[in-house]
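Worksheet: the structure to be examined is printed underneath.
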Amino acid sequence: MAKKISNKKPLSGNLVSHAENKTRTKQNPNLQTYKINGVKVRLTAREARTLKKAA
């Protein structure tokens with residue numbers, strides 16, 4: 001099992017139709033599994049891009 005090192009949480013809000021019906025919605029972070037120094041970790045695609053750029 002990969003360790004989750006990202007502390008990002010889902011964004012929540014309402015989908016609002018033209019008739020003003022409201023439905024709760026959730027946007028999950030884009031978590032991906034990567035190997036860093038032989039250890040599997042789960043981090044967002046943005047964090048992985050930042051780490052790749054820094055290396």
Does Lys4 reach the main-chain N or O of Ala2 with its side chain, forming a donor-acceptor pair under 3.5 Å? no
CG on Leu15 to OG1 on Thr23, rounded to 0.5 Å: 6.0 Å
Would you mind reporting whether Arg24 and Ser12 have side-chain heavy atoms less than 4.5 Å apart? yes
Consider only side-chain heavy atoms of I, L, V, M, F, W and Y, link residues closer than 4.5 Å, and tell whether Ile5 and Tyr34 are in one cluster. yes
Are Val39 and Leu51 grouped together when hydrophobic residues (ILVMFWY) are joined by side-chain heavy atoms under 4.5 angstrom apart? yes
Heavy atoms of other groups near Asn7 CG, more than 12 under 6.0 Å: no
Answer yes or no: are there more than 12 heavy-atom neighbours, outside Lys53 itself, under 6.0 Å from its atom NZ? no
Rounded to the nearest 0.5 Å, what's the gap from OG1 on Thr33 to CZ on Arg42? Could you check? 5.0 Å
What's the spacing between Lys52 NZ and Thr50 OG1 if we round to 0.5 Å? 12.0 Å
Is any side-chain N of the basic residue among Glu47 and Arg49 closer than 4.0 Å to the acidic one's carboxylate O? no
Which heavy atom of Leu43 sits nearest a heavy atom of Ser6, and at what distance? CA-CB, 4.2 Å
Please report the closest heavy-atom contact between Pro29 and Thr44, naming both atoms and the distance. CB-CG2, 4.0 Å
